[in-house]
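It should be emphasised that the depicted structure is a prediction, and the values quoted were computed from it without experimental measurement. These values consider heavy atoms only, across backbone and side chains, with no hydrogens, waters or symmetry-generated copies.
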Amino acid sequence: MPYYRRAGDVPAKRHTQHRGPDGGLYYEELMGEEGFSSDSSLLYHRAIPSAITGSRAWELPDLTTVANHPLKPRHLKLPSLFGAADPAATDAVTGRRLVLGNEDVRIGYVVAGAASPLYRNGVGDECVYVESGTARLETVFGVLDARPGDYLVIPRATTHRWVPTGDAPLRAYCIEANSHIAPPARYLSRYGQLLEHAPYCERDLRGPEGPLLSEAEGAVEVLVKHRGPGPGGLAGTVLTYPTHPFDVVGWDGCLYPYAFSIHDFEPLTGRVHQPPPVHQVFEGHNFVICNFVPRKVDYHPLSIPVPYYHSNVDSDEVMFYCGGDYEARKGSGIGQGSVSLHPGGHAHGPQPGAYERSIGVEFFDELAVMVDTFRPLGLGEGGTACEDQGYAWTWAGGHGPLEA
């Protein structure tokens, strides 16, 4: 983030002595991106942050993918992935199931009721969308309370854990990048301020409340996802620390986790149908994140409010339907928790009848998170496990390839 924050106890001058009440030095850590040539923060630890006493392999969940071949649009029913499983036995880190992925981004889903282990993604930033339930995101920077509709953007290498709160399980849609995730560059001034035409502003972003200081004694394990020899060039390691990593007495800078609610996104509308980029909320390397929120729709007297049929020739389009009533997909079987994949190389658009029914409609009450990728997506084990096999033929009245 290009916005400066400060929490806890930091010295007046960076890279100078900072001592605790007993006179002992705190240990300064510079956490920086792009070879310390981009955003960074300074954290002050009670213990040496690089001290470890053990390292062993962590077997990551299945991250293999299969190609979308032969090419077709697909409908994935995410709620069926966890079925009758007890959420109390699943956490939001190790319980994720891979739905779709490529060399730039992985999309997973989880229904969790248990607190996760301490975790660090050393590969890229994560953007986790909370579909339902509530949770406490505990990090070295402090605490963020997560509620339905929140995006939680967690910078690469941030040690954190998820603690579900309340009676309902946490349902989370997890977007893991191999890069950083940030507001779109076109929304920002050359100095990093969100501009007047942006659909949200700095007031809408929630930073961590902190610092968070653990008084736990003894060794602590942290699960680390990192670059390695496994599927997708990834591997996992469990590092053992002699003291708890939540020991930061203060920090300041422009690199930290933050929350943004989809309900604070101000939709941009027009007299005729607006293209998908007006719905963009974040971007990473070779992918963008957009959202569709309740909004007044096109008001030209001859407008057709649902999307026109379109060929996004450079991208695969993934839509996660997470609330409301999605006009363009009525009659296709898509509902709460569904994901549609419309691949590059194939024209797609509203279901039969939706084009005509939308004429005269003034408002759409829908909620969806969209990811467009500039490399083709493969299906993870979660995606193949919950596919609706008949979706591709719904534009043709349900007639599949072998039907008359």
(request) Might you point out which heavy atoms bring G344 and D316 nearest each other, and give the distance in Å? (result) N-OD1, 2.8 Å

(message) Within this structure, what is the CZ-CZ distance for the pair F363 and R295, rounded to the nearest 0.5 Å?
(response) 9.0 Å

(message) Return the CZ to CG distance between R74 and L377, rounded to the nearest 0.5 Å.
(response) 11.5 Å

(message) Test your reading of the model: is there a side-chain donor-acceptor pair from Y200 to the backbone of V281, 3.5 Å cut-off?
(response) yes

(message) I'd like to check E266 versus D204 (side-chain heavy atoms, cut-off strictly below 4.5 Å). Are they in contact?
(response) no

(request) Scan side-chain atoms only and decide if T158 and Y256 contain a donor-acceptor pair under the 3.5 Å cut-off. (result) no

(request) Say whether, by atom type as modelled, one donor and one acceptor occur between the side chain of T237 and the main chain of V224 under 3.5 angstrom. (result) no

(request) Please examine the side chains of T139 and L144, heavy atoms only from C-beta on, and report whether any two atoms are closer than 4.5 Å. (result) no

(message) Do F320 and L78 make a side-chain contact, defined as non-hydrogen atoms from C-beta onward lying under 4.5 Å apart?
(response) yes

Would you mind writing out the side-chain donor-acceptor pairs for residues 282-289 within the sub-3.5 Å range, not counting sequence neighbours?
residue: E283; atom: OE1; partner: Q280; partner atom: NE2; Å: 3.3
residue: E283; atom: OE2; partner: A185; partner atom: N; Å: 3.1
residue: N286; atom: ND2; partner: D104; partner atom: OD2; Å: 3.3

(message) Using only atom types and a distance under 3.5 Å, with no angle test, would you say the side chain of W251 pairs donor to acceptor with the backbone of D9?
(response) no

(request) State the CZ-SG distance between R97 and C174, to the nearest 0.5 angstrom. (result) 13.5 Å

(message) Going by side chain to side chain contact (heavy atoms under 4.5 Å, CB included), E28 matches just one of H15, H18, Q17. Which one?
(response) H15

(request) Please name the pair of heavy atoms, one in T94 and one in P61, separated by the smallest distance, quoted to 0.1 Å. (result) O-CG, 3.7 Å

(request) Without swapping roles, check the side chain of S358 against the backbone of I304 for a donor-acceptor pair under 3.5 Å. (result) no

(message) When you compare the side chain of T90 with that of V111, does any pair of heavy atoms fall below 4.5 Å?
(response) no

(request) Give a yes or no answer on whether the side chain of H342 reaches the backbone of N312 with a donor-acceptor pair at less than 3.5 Å. (result) no

(message) Could you report the tightest heavy-atom contact between E202 and L194, atom names first, then the distance?
(response) OE2-N, 2.9 Å

(message) Can you confirm whether V369 sits close enough to C322 that some side-chain heavy atom of one is under 4.5 Å from a side-chain heavy atom of the other?
(response) yes

(request) Heavy atoms only: give me the nearest P245-V222 pair and the separation to one decimal. (result) CG-CG2, 4.1 Å

(message) With rounding to the nearest 0.5 angstrom, report the OG to CG distance, S40 to L30.
(response) 5.0 Å

(request) Give me the one residue out of H160, R161, E126 that meets side-chain hydrogen bond (donor to acceptor under 3.5 Å, both in side chains) with Y119. (result) E126

(message) Within a 6.0 Å radius of atom CZ on R227, are there more than 12 heavy atoms belonging to other residues, nucleotides or ligands?
(response) no

(message) Looking only at the side chains, is there a donor atom on one of N291 and Y151 sitting less than 3.5 Å from an acceptor on the other?
(response) yes

(request) Please list, chain by chain and in numerical order, all residues satisfying ring-ring contact (aromatic ring centres under 6.0 Å, His included) with H273, sequence neighbours excluded. (result) Y308

(message) Just verifying a value: how many Å separate H244 NE2 and L118 CG, rounded to the nearest 0.5 Å?
(response) 5.0 Å

(message) Minimum heavy-atom separation for H45 and D247, please, with both atom names.
(response) ND1-OD1, 2.7 Å

(message) Is it the case that the side chains of S261 and D264 hold a donor-acceptor pair, with the cut-off being a distance below 3.5 Å and no angle test?
(response) no

(request) Establish, yes or no, whether a centroid distance under 6.0 Å links the rings of Y109 and Y173. (result) no

(request) Could you tell me whether the side chains of T53 and T240 share a donor-acceptor contact shorter than 3.5 Å? (result) no

(request) May I ask you to check whether R120 and T159 show a side-chain donor-acceptor distance below 3.5 Å? (result) yes

(request) State, with a plain yes or no, whether a side-chain heavy atom of V249 is found less than 4.5 Å away from one of P211. (result) no

(request) Please confirm whether the backbone N or O of T64 pairs with a side-chain atom of E381, one donor and one acceptor, at under 3.5 Å? (result) no

(request) Examine distances only and state if a side-chain atom of Q274 and a backbone atom of V272 form a donor-acceptor pair shorter than 3.5 Å. (result) yes

(request) State the CD1-OH distance between I48 and Y26, to the nearest 0.5 angstrom. (result) 15.0 Å

(message) Quick check: closest heavy atoms across S116 and A92, and the distance to 0.1 Å?
(response) CB-N, 4.3 Å

(message) Between D150 and L152 (side chain of the first, backbone of the second, donor and acceptor by atom type, cut-off under 3.5 Å), is there such a pair?
(response) no

(request) Check whether any side-chain heavy atom of T243 lies under 4.5 Å from a side-chain heavy atom of V220, and answer yes or no. (result) no

(request) Using modelled atom types only, decide if a donor and an acceptor are shared between the side chain of N178 and the backbone of E103 within a distance under 3.5 Å. (result) yes

(message) Determine whether a donor-acceptor pair (N or O, by modelled atom type, separation under 3.5 Å) exists between the side chain of H197 and the backbone of R186.
(response) yes

